[in-house]
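We name chains A, B, ... by the order of the sequence lines, and we start the count at 1 in each one. This is a predicted model, so every value here is computed, not measured.
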Amino acid sequence: MKASKLFVQTLRDFPNDAEAISHKLLVRAGYIKKLTNGGYSYLPLMQRVLTKVSNIIRQEMNAAGAQELLMPFVQPAELWQKSGRWQVYGKELMRMKDRHDNEMCLAPTHEEVITSVVDGIFTSYKQLPVNLYHIQLKFRDEIRPRFGLLRSREFIMKDAYSFHTNEESLHAEYKNMADAYTKIFKRCGLETKMVQSDSGAIGGSVSHEFMVLADTCAGENDVFYCEKCNYSANSNHAVSKLNEEHTDGGFSKLETVDTPNVRTINELSKFFNIKENCILKAVLYIASFADEDKADMPVLVMIRGDKEVEETKLMNAVNALEIRIAADDEVLKHLNTEKGFISFLGAADKNVMVLFDDSAKGMKNFVIGANKPHKHITGYNFSDITENDLKNKPEFADVSLVKKGENCTECGASLNVTRGIEVGNIFQLGTKYSKPMNAVYTDENGKTHPYIMGCYGIGVTRTAAAAVEKYHDENGIIWPLEIAPYHAVVIPVNSNDEAQMALAEDIYKKLINGGVEAVLDDRADRAGVKFKDADLIGYPFRITVGKTITEGLVEFKERKQMELLKVSPDEAVNTVIEKVSMLK
RNA sequence: CGGGACGUAGCGCAGCUUGGUAGCGCACCUCGCUUGGGACGAGGGGGUCGCAGGUUCAAAUCCUGUCGUCCCGACCA
């Protein structure tokens, strides 16, 4: 490709509306152009990157025994009503009506469609298992799309779905996919960590995420990992052993104390001169459920003062669709008190769901809100709970966020935390979709059973963006060779110099003939412009043809290295051809 | 959803306070000159100032509404 014809316009400045470095660089270097909030055109350079990522995925998925198909982007509501997700999915599901007034939606994922596709085609146990995938657009109407391709509304995803007759077969495929994923990301130049995670809107029992760990980037997930053993998990799923499992406030008797305007855990801790973990904190949430009779249900979480509520865990624990912190007026309405003094005391008749976090277990003689303004109770114990407080025995669940430095439940060592970008995920779905949709196969005895399913996703656009987050410097992108839009750029320093141009063209042709995807920067611009663009765009190799041709030398530079080498044209060409030919 | 800010040429911005019909840099086109890290000179094209109302002789500027965009918060008892 001649640079003079390449459809790209690099910008002198970073765009004003970008925050994440991958977003800034992809816009400035001319890879993407925004159409709407969370919707981008993938310009030719980007499209080449996406094609490469997709092809790596295809090769590895096919090698792992999966088959590619392609399913519709616009889907009928009927399918989603069958699976139950039409009610559950919420506003992220982009809904619309066609001209006949039929309800439709844009595909945020394809479990429903693939289930309906397989049902009726592979109906015998003899044909299973099968794994089908496609690479296609997805649309999720995110609350707040941001960070360019890292969290857009429209994006490209590879999603695969497997169908089985038994759990063992599912587990084997799950492992097979985990291995394939590790290979795929490695070939994209990315090291990933497979971490335990919450299943979210996709559902199912077991799931893992593939994270690109990068502390400096706009990763949106916190990943906890054990410093000793293999344990690692997304913060929405991570568990830990507390450092102090039994905490004692040391108060000798039960007493109601005036605590005027002492509201926060920090203030209480100072007021009573006790540690935060000797206070039982109360947080009131408002939850909504699939059952519309239970709309805006108050849920009171009691948790040890030094811990925080992990909202995904809470949603799972109470089986809610959405939760949010209660507003001041809601606290007054449901508990008849003010924030800062809330608890479950005397609330048995108030129709508030009360849940204790596991961290509250083992607390003794602690401080708790009196559930009356400006009063707390000291020296409280679980044995003090009466029928006026709770109708039933306290219910416990793990709904707290792990803190760095707490201990691994597997081996007891300390847990650490890092940021991660989720580029892939794998789920064991079981019969979550096949059962409600009545998608069944026939076994050897002629009986029908719902398919046992797994699903496996990779964010193609996000993977590319993650690579930019991970590999860049102050001058621009540093693509891994495997997914770079072009392998090399040839720069004649002075396009008016016939000898330089002739040699540059010669080198360019030899590269092309050697299987290298090369760009010849034949533009009339000065060398500085070409160098700046080459760095910004991130070509892995650069061959510069300048004055040194009188000595029979050109300049060879790898984007990821500082070093400039003076070599013969043939050596430069052969080096690039050799490196490129080592790619699969 | 709450809070803050911003919409003026492809990109980055000024002009608005104090209304008089739009400007700068980059990019683009022409000519000249230049050619190893975003040169220089001269000339040129491109914007109904997000949109809709209102006030006014006159609105990018003032008022109202609306749409869009970005950031922050959604971490608290």
- Residue matched to B:G46 through Watson-Crick or wobble contacts both under 3.5 angstrom: none
- Message: Before we go on, tell me: are the rings of A:Phe382 and A:Phe366 under 6.0 Å apart, centre to centre?
- Response: yes
- Give a yes or no answer on whether the side chain of A:Ser495 reaches the backbone of A:Arg523 with a donor-acceptor pair at less than 3.5 Å. yes
- Message: Regarding A:Asp570 and A:Lys510, does a basic nitrogen lie under 4.0 Å from an acidic carboxylate oxygen?
- Response: yes
- What is the distance, rounded to the nearest whole Å, between atom CD1 of A:Ile491 and atom C1' of B:G38? 13 Å
- Query: Would you say A:Arg12 reaches B:G38's phosphate, i.e. side-chain N/O to OP1/OP2 under 4.0 Å?
  - Reply: no
- Take A:Phe341 and A:Lys375, measure what side-chain contact (heavy atoms from CB on, under 4.5 Å) needs, and give me the verdict at the end. CA-CA 7 Å; A:Phe341 310 99; A:Lys375 287 185 196 307; 5.8 Å; no
- Task: By nearest nucleotide on RNA chain B, pick out whichever of A:Phe14 and A:Arg523 is the more 5' one.
- Result: A:Phe14
- Note on the structure: Reading nucleotides 70-77 of chain B from 5' to 3' and marking B where a protein heavy atom lies under 4.0 Å of the base, S where only the sugar-phosphate is that close, and - otherwise, the string is SSB-BBBB
- Task: Go ahead and name the base partner of B:C40; Watson-Crick or wobble counts if both distances stay under 3.5 Å, otherwise write none.
- Result: B:G32
- Query: Using a cut-off of less than 4.0 Å, is there contact between a side-chain N or O of A:Lys532 and OP1 or OP2 of B:G37?
  - Reply: no
- Query: What about A:Arg28: does its side chain form a donor-acceptor pair under 3.5 Å with the base of B:G38?
  - Reply: yes
- Atom C1', compared across B:G54 and B:A59: separation rounded to whole Å: 11 Å
- Considering only the C1' atoms, how many Å lie between B:C49 and B:C13, rounded to the nearest integer? 13 Å
- Can you tell me the Watson-Crick or wobble partner of B:U17, both distances under 3.5 angstrom? none
- How far, in whole Å, is B:C28 from B:A5 if one measures between their C1' atoms? 32 Å
- Item | Nucleotide paired to B:G2 in any strand shown, Watson-Crick or G-U, under 3.5 Å | B:C72
- For the residue pair A:Tyr486 and A:Tyr539, categorise the inter-ring angle as parallel (less than 30°), tilted (30 to 60°) or perpendicular (more than 60°). tilted
- Message: Suppose we define a pair by two distances each less than 3.5 Å, Watson-Crick or G-U wobble; what does B:U64 pair with here?
- Response: B:A52
- Residues in ring-ring contact (aromatic ring centres under 6.0 Å, His included) contact with A:Phe556, at least two apart in sequence or another chain: A:Phe541
- Message: Which label fits A:Tyr31 and A:Trp479: parallel for a plane angle under 30°, tilted from 30 to 60°, or perpendicular past 60°?
- Response: tilted
- Query: Can you tell me how far C1' in B:G4 sits from the matching atom in B:A9, rounded to whole Å?
  - Reply: 28 Å
- In Watson-Crick or G-U wobble terms, with both distances under 3.5 Å, the base opposite B:C26 is B:G10
- Query: Could a donor-acceptor pair under 3.5 angstrom be found where the side chain of A:Asp525 meets the base of B:G38?
  - Reply: no
